[in-house]
Structure formats: C-alpha cells, structure tokens
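The structure appears right after this line, and notes come after that.
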Amino acid sequence: MLKLFNSLTRKKEEFVPIEPGKVRMYVCGMTVYDLCHLGHARVLVVFDVIVRHLRSLGYDVTYVRNITDVDDKIIARAVQNGENITELTERFIAAMHEDADALGVLRPDFEPRATESMDDILDMIGRLVDKGYAYQADNGDVYYAVSKFEGYGQLSGKRIDELRSGARVDIEQAKHDPLDFVLWKVAKPGEPSWPSPWGPGRPGWHIECSAMSTDCLGAHFDIHGGGMDLQFPHHENEIAQSEAATGEHFVNYWIHNGFVQVDEEKMSKSLGNFFTVREILQRYQPEEIRYFILSSHYRSPLNYSDDNLDKARGALQRLYTALRDAGTLQADAGLDSAYEERFQAAMNDDFNTPEALAVLFDLARALNRAREQGDAGVARLANTLHVLAGRLGILQAEPESYLRGPQGAAETGPDDAEIDALVAQREQARENRDWAESDRIRDQLAELGIVLEDGAGGTRWRRE
RNA sequence: GGCUGAGUGGCAGAGUGGCUAUGCAGCGGACUGCAAAUCCGUGUACCUCGGUUCGACUCCGGGCUCAGCCUCCA
C-alpha cells in the first residue's frame with residue numbers, strides 16, 4: 001500500500017487513484033531561458049523515480065511535465081541576446097532534454113508548452129471572467145480576484161488577511177486587491193503577443209499550468225508536483241483558477257520536493273550559488289548525480305558538495321563491483337522476494353529512496369557472500385539487485401564500463417589500450433615474480449588514477 | 001512578524017516507545033607476494049530543559065539553532 005505525504009493536508013496519506021489502476025500526474029517543469037541547474041535536476045529525477053515506482057506497482061501512469069516558453073524573463077533574455085524568444089527557448093529546451101536524458105530521466109508522456117496551449121489558456125480565462133472570478137483592469141491586464149475564491153490559502157497554510165497585511169506596496173495600481181494576480185498581460189510595443197478578447201498579450205505564469213494540466217488530464221486528477229517554492233503562490237493560484245473555472249476539485253495529492261542547498265543555503269539563480277548540470281557532468285558521471293539526488297529523501301534539503309558527490313561515486317562503485325563480480329546477468333533468474341518486499345515497502349513509504357538504497361547495499365553484501373561461498377543463489381540475487389536498482393534508474397550500465405570510467409576521463413589520462421598494455425606488462429613481471437617491477441607499474445597507474453585488482457581470473461582495473 | 005519543516009555517531013543519511021539502518025572514513029581479522037576488491041568482527045549517536053511512561057532518540061510542552069515560503073524561483 002502506497003503512502004505519500006500530501007502537501008494539501010500536511011499528512012502522509014494512503015494513495016487511492018481516482019480511476020482504479022490509473023494515475024494522472026502533472027509536474028511543473030522548467031522556464032526555459034537558461035541551462036538546468038542541480039535544483040532542476042532534482043525535480044526531474046525525483047518525479048522520474050516516482051513515476052517509475054508507480055509503474056512498478058502496476059499503475060497505468062499518464063505523466064505530464066510542462067515547459068514554460070513565454071514569460072518576462074524569457075523576453076528579457078531574448079532582448080538581451082538580440083534574438084527572438086523562439087530561438088532562445090528552442091535552444092534551452094534541447095539543452096534540457098540532453099541533461100534529462102543524461103540523468104536517465106524518462107520522457108514524460110506529454111510535454112505541453114505554453115505557446116502551444118493558447119486556446120486552452122484563453123478559454124479558461126474567458127470562463128473565469130464570465131463567472132466573475134476575473135476582471136479586466138484599467139491598464140488592460142486581466143486579473144484573478146482572489147477574494148472571490150473561498151478556499152484560497154489552503155495549500156500553503158496562509159490566511160488571506162495576513163497575506164494582505166504583509167503584501168508589499170504594489171507598483172501595479174491597476175489591481176483591485178494587492179493579492180490579485182495576472183491572468184493575461186497586455187503586450188507592450190515590441191513584445192511577443194497572441195490575440196485575445198482582451199487585446200493582444202500573453203498569459204500570466206499561473207494560468208498556463210491550470211490550462212495545460214486540465215487539457216491533458218481533465219479537471220480533476222491525482223497528483224500534482226513541483227519544487228517546494230512553487231507551493232505559494234504558484235500552486236495556490238492554480239487551485240484557485242482551476243476550481244473556479246471548472247467547478248470541480250482540482251488535485252487529490254500535492255507533492256513538493258525540497259531544495260538543493262549550497263553551504264546550508266538554497267541554490268538559486270538570484271543568489272548566484274548554482275551549479276549547472278553540465279558543469280557537474282564535466283567532473284562526475286551522470287549516474288553519480290542521480291545517486292546523489294536519491295541519497296536523501298525527496299522532501300529533505302540536499303546539500304551540494306564535492307564530498308557528497310564523491311560519496312555517491314564510492315557507493316556506486318561498491319554496487320557495480322558486486323554486480324560485475326557476479327558475472328553475466330540472467331534475466332530469467334527471478335527475484336528474491338524478501339529483498340523485493342523490503343525495497344517496495346521503503347518506496348511505498350512516501351518514496352523513501354535512502355531506505356531503498358540501504359536494501360540495495362544489503363543485497364550487494366548478500367550477493368558477495370553468496371559468490372564467495374559458491375552458493376547457488378548468486379544469479380537470482382544479482383538479478384534482483386539489477387531489477388530493483390532499475391526502479392531507481394541506476395545500475396543499468398555495463399558494470400565494467402561504469403567502473404572503467406567515462407570516455408571523458410580517458411581524454412585526460414591514458415586510454416584503455418595503454419592501460420591494458422601496462423597491465424599485461426605487469427602480469428608478465430608477476431609471472432616472473434618480479435615484485436619490484438610489478439609494484440612499480442601499479443604505482444605508476446595509481447598516480448594516473450587507475451586502481452588494479454588482482455583476482456583469480458586475472459587483473460582487473462578501474463578508474464577512481 | 002506570520003506560516004512550514006528540520007536538528008541523529010568523523011561525514012552523509014534513514015528509522016523506531018524497549019531489539020544492528022545503510023554507505024564512506026576508522027580499528028582488528030581473513031584473503032593477497034604486497035595491495036586492491038570482497039568477507040567476518042568492532043567503536044563513536046540521537047540540540048537543550050521539563051513532562052507522560054515500567055522504559056523515550058522516538059510521544060507532549062517550553063527553549064535554542066538552522067533552512068524555506070510570505071517577491072521571480074525547481
């Protein structure tokens with residue numbers, strides 16, 4: 001039985017889908033004006049693992065993750081670069097896909113874009129205006145009247161009067177209430193725009209998600225996710241828009257992931273303390289980033305440091321070593337039910353990936369022990385490790401190729417052939433019992449970051 | 001100020017009202033020409049002060065500290 005923490009109720013609840021056997025899930029994706037940083041990577045990986053787990057439970061999952069491809073920042077960046085917004089967004093969408101693919105993130109079933117959803121957006125704004133939840137202000141912008149929506153503040157645990165008293169002095173005099181937010185922005189000269197009953201303009205940020213999620217999944221769906229910082233106001237506003245427009249309950253379960261931090265501080269663009277996925281990929285393998293993300297619970301803060309990435313590398317080395325030493329995988333060897341149950345129990349407990357990883361390590365030890373003792377269960381344990389790890393999207397590479405490091409590492413150090421040659425040379429020395437020469441070669445390789453392992457079947461090597 | 005969440009051993013990070021988390025690092029042993037890898041064993045822990053309880057790191061209350069949201073943000 002799957003339990004998950006619902007931000008709406010702030011409680012762990014049993015998951016019950018609206019339609020038996022099916023899950024409809026929407027996650028707020030990126031605004032594409034720059035490269036993905038580790039915070040974006042965390043959202044991608046966390047919800048990827050959630051989808052994988054739901055599917056492993058047998059659910060037919062429809063996963064939607066949108067792309068925001070028009071907003072103030074995109075427009076500003078495009079102006080700055082002297083290009084149109086489509087050139088800019090296409091470039092960063094491609095970059096995001098590259099990063100997501102590298103991290104082993106499966107593509108969502110639908111990836112709607114704001115600019116391709118104008119009909120749905122305009123339709124929803126129209127309904128809100130018709131029902132009296134929205135108004136066109138003197139400056140031409142269309143606003144949502146927060147005071148008209150009764151449940152406002154439930155998701156974020158905020159009270160309307162407190163929000164209002166704490167609200168900053170608004171520059172936008174056109175609003176009737178400082179809490180009102182924009183649904184449609186009239187275009188200033190030179191800005192990209194789409195025609196609408198309220199004049200040419202572009203959608204506000206919140207309305208696109210309401211429109212796209214409703215279009216893809218219906219007015220009422222199971223799970224809506226995103227980063228913790230979207231809880232307010234973005235998701236609060238989505239609820240207000242969608243429920244006012246459709247008259248239906250919007251979402252049953254809200255899932256919000258915690259932040260990536262640097263030195264105990266949120267990683268963000270404005271603080272300038274962010275690391276892009278590509279920067280990190282120059283020094284670490286993608287799977288190491290993925291493991292690092294999964295090594296803490298999705299709602300906990302995740303502190304970025306080289307030390308922690310190094311630990312992810314060490315952990316993967318151990319798991320891959322166990323798999324490598326177990327020999328060729330046999331997919332028909334079956335699963336060890338005790339380990340599978342423990343693993344699923346961990347994942348069913350609000351997607352407890354650290355606990356699930358601990359099961360993998362116990363499995364690795366059992367596997368190593370079985371192999372050393374010549375037990376018959378090796379193939380089954382190895383297969384179990386491989387399959388369960390696959391549900392987290394790790395350990396799917398050829399162990400030897402992971403342990404020998406990426407091609408990138410070969411560019412700065414010796415290539416595989418050179419290493420093989422030195423290893424062969426050392427093998428010769430060892431046969432002659434020339435330990436001094438043997439150790440000299442091993443030390444030489446060690447300085448290049450190559451570690452040797454002498455085993456019964458010959459010498460193996462890996463990059464540290 | 002309001003509202004969330006968190007404080008676990010050298011580091012990272014789960015969890016539980018009484019019973020080994022797990023990984024890395026450390027220590028002892030096995031294996032090895034020596035190593036590495038692996039296996040076996042092992043040490044160090046639950047912010048603080050009260051309360052509940054036969055018994056609390058785990059529940060309740062106060063305090064302290066930290067992070068986040070309240071403004072664009074994953």
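A note on names: the letters A, B, ... follow the listed sequences, proteins ahead of strands, and every chain is numbered from 1.
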- prompt: Taking the same atom, P, in B:rC59 and in B:rU16, what whole-Å distance lies between them?
  reply: 9 Å
query: On a whole-Å scale, what distance lies between the C1' atoms belonging to B:rC27 and B:rU58?
result: 30 Å
- line: Comparing A:S156 with A:D229, nearest RNA chain B nucleotide closer to 5' gives the residue A:S156
- line: Paired to B:rG55 by Watson-Crick or G-U wobble criteria (both distances under 3.5 Å) is none
- prompt: Given that both distances must come in under 3.5 Å, which nucleotide forms a Watson-Crick or G-U wobble pair with B:rG68?
  reply: B:rC3
- prompt: According to the Watson-Crick and G-U wobble definitions, with both distances under 3.5 Å, which nucleotide is paired to B:rU48?
  reply: B:rG62
- prompt: Looking only at atom C1', what distance separates B:rU38 and B:rU32, rounded to whole Å?
  reply: 11 Å
Contact state string [nucleotides 30-37 of chain B, B base, S sugar-phosphate only, - no protein heavy atom under 4.0 Å]: ---BBBBS
Selected nucleotide, minimal atom distance to A:K158 side chain, candidates B:rC72, B:rC70, B:rU22: B:rC70
- prompt: Once you round it to whole Å, what is the distance between C1' of B:rA6 and CZ of A:R10?
  reply: 16 Å
message: Can you confirm whether the side chains of A:N6 and A:E13 place a donor and an acceptor under 3.5 Å from each other?
response: yes
query: For the atom pair CG (A:L294) and CD (A:E287), what is the distance rounded to the nearest 0.5 Å?
result: 10.0 Å
message: Among residues at least two apart in sequence or on other chains, which ones pass ring-ring contact (aromatic ring centres under 6.0 Å, His included) with A:H235?
response: A:H224, A:W254, A:H256
- request: Classify the nucleic acid contact of A:G227 as base, sugar-phosphate or nothing, counting any heavy atom under 4.0 Å across all strands shown.
  value: sugar-phosphate
query: So, is A:K266 near the phosphate of B:rA74, with a side-chain N or O under 4.0 Å from OP1 or OP2?
result: no
task: Could you please name the partner base of B:rG23, counting Watson-Crick and G-U wobble pairs only when both distances are under 3.5 Å?
output: B:rC11
Salt bridge A:K73-A:D34, side-chain N to carboxylate O under 4.0 Å: no
- request: Could you measure between the two C1' atoms, the one in B:rU48 and the one in B:rU65, and give it in whole Å?
  value: 10 Å
At a cut-off of 3.5 Å, list every protein nitrogen or oxygen paired with a nitrogen or oxygen from nucleotides 56-59 of chain B, distance to 0.1 Å.
none

query: Can we call the ring centroids of A:H37 and A:F275 under 6.0 Å apart?
result: no
message: Counting only heavy atoms not in A:E150 (residues, nucleotides, ligands), do more than 12 fall under 6.0 Å from its CD?
response: no
query: If the C1' atom of B:rA25 is compared with that of B:rU42, how far apart are they to the nearest Å?
result: 14 Å
- line: Scanning all shown strands, the Watson-Crick or wobble mate of B:rG28 with both distances under 3.5 Å is B:rC40
- prompt: How many angstroms lie between atom CD1 of A:I85 and atom OG1 of A:T115, to the nearest 0.5 angstrom?
  reply: 7.0 Å
task: May I ask you to verify if any side-chain N or O of A:R65 is less than 4.0 angstrom from the OP1 or OP2 atom of B:rA74?
output: no
message: Side chain of A:P233, heavy atoms from C-beta onward: which of B:rU22, B:rU38, B:rC72 has the nearest atom to it?
response: B:rC72
Short N/O separations, protein against nucleotides 14-17 of chain B, under 3.5 angstrom:
residue	atom	partner	partner atom	Å
B:rA14	OP1	A:H297	N	2.7
B:rA14	OP1	A:S300	OG	3.3
B:rA14	O3'	A:N352	ND2	3.0
B:rA14	O2'	A:E355	OE1	2.6
B:rG15	OP1	A:N352	ND2	3.2

field: Pairwise P distance, B:rG23 and B:rG43 [rounded to whole Å]
entry: 15 Å
message: Applying a 4.0 Å non-hydrogen cut-off, can you work out what A:Q261 is touching in the nucleic acid: base, sugar-phosphate, or nothing?
response: sugar-phosphate
- prompt: Does the pair A:E288/A:R290 count as a salt bridge with the N-to-O cut at 4.0 Å?
  reply: no
Can I get a per-line list of side-chain donor-acceptor pairs under 3.5 Å for residues 99-112 of chain A, giving both atom names and the distance, sequence neighbours left out?
residue	atom	partner	partner atom	Å
A:D99	OD1	A:R278	NE	3.2
A:D99	OD1	A:R278	NH2	3.2
A:D101	OD1	A:R107	NE	3.3
A:D101	OD2	A:R107	NH2	3.0
A:D109	OD2	A:R55	NH2	3.1
A:D109	OD2	A:Y63	N	2.7
A:E111	OE1	A:H97	NE2	2.7
A:E111	OE2	A:R65	NH2	3.2
A:E111	OE2	A:H97	NE2	3.2

message: Once you apply a heavy-atom cut-off of 4.0 Å, does A:D307 come out as touching a base, just sugar-phosphate, or nothing?
response: sugar-phosphate
field: Note: A:R426-A:D439 ion pair, threshold 4.0 Å (strictly below)
entry: no
- prompt: What does A:G157 touch in the nucleic acid at a heavy-atom separation under 4.0 angstrom: a base, only the sugar-phosphate, or nothing?
  reply: sugar-phosphate
- prompt: Which is true for A:F361 with a 4.0 Å heavy-atom rule: it touches a base, it touches only sugar-phosphate, or it touches nothing?
  reply: sugar-phosphate
field: CG on A:L230 to OG on A:S156, rounded to 0.5 Å
entry: 12.5 Å
statement: In this structure, CG of A:L88 is separated from CD of A:E83 (nearest 0.5 Å) by 4.5 Å
Protein-nucleotide distance (A:E464, atom CD; B:rA25, atom C1'), rounded to Å: 14 Å
query: Just checking, is any N or O donor in the side chain of A:E427 or A:T459 under 3.5 Å from an acceptor N or O on the other one?
result: yes
- request: Specify the residues of residues 381-393 of chain A, ordered by number, for which at least one heavy atom lies under 4.0 angstrom from an atom of RNA chain B.
  value: none
field: Separation of A:L38 CG from A:I280 CD1 (nearest 0.5 Å)
entry: 4.5 Å
- request: Sticking with atom C1', work out how far B:rU71 lies from B:rG15, rounded to a whole angstrom.
  value: 38 Å
query: Using atom P of each nucleotide, how far apart are B:rA14 and B:rA21 to the nearest Å?
result: 15 Å
message: Can you tell me if A:Q373 has over 12 outside heavy atoms packed within less than 6.0 Å of its CD?
response: yes
message: Could you tell me the Watson-Crick or G-U partner of B:rU16, where both distances fall under 3.5 Å? Say none if there is no partner.
response: none
- line: Walking RNA chain B from its 5' end, the first of A:S270 and A:N303 to be reached, judged by nearest nucleotide, is A:N303
Nearest-nucleotide pick for A:K311, side chain only, options being B:rC39, B:rC70, B:rC11: B:rC11
query: So what does A:R42 touch, heavy atoms closer than 4.0 Å: a base, only the sugar-phosphate, or nothing?
result: nothing
query: Atom CD of A:E265 to atom P of B:rA74: distance rounded to whole Å?
result: 17 Å
query: Under 4.0 Å between a side-chain N or O of A:N257 and OP1 or OP2 of B:rA74?
result: no
- line: Between CE of A:M30 and C1' of B:rA74 the distance, given in whole Å, is 9 Å
Heavy atoms of other groups near A:D306 CG, more than 12 under 6.0 Å: yes
Under-4.0 Å side-chain N/O to phosphate OP1/OP2 contact, A:R164 with B:rC70: no
query: Can you tell which of B:rG2, B:rA74, B:rC11 lies closest to the side chain of A:V260?
result: B:rA74
message: Please tell me whether A:Y143 and A:F181 form a close aromatic pair, meaning their ring centres lie under 6.0 Å apart.
response: no
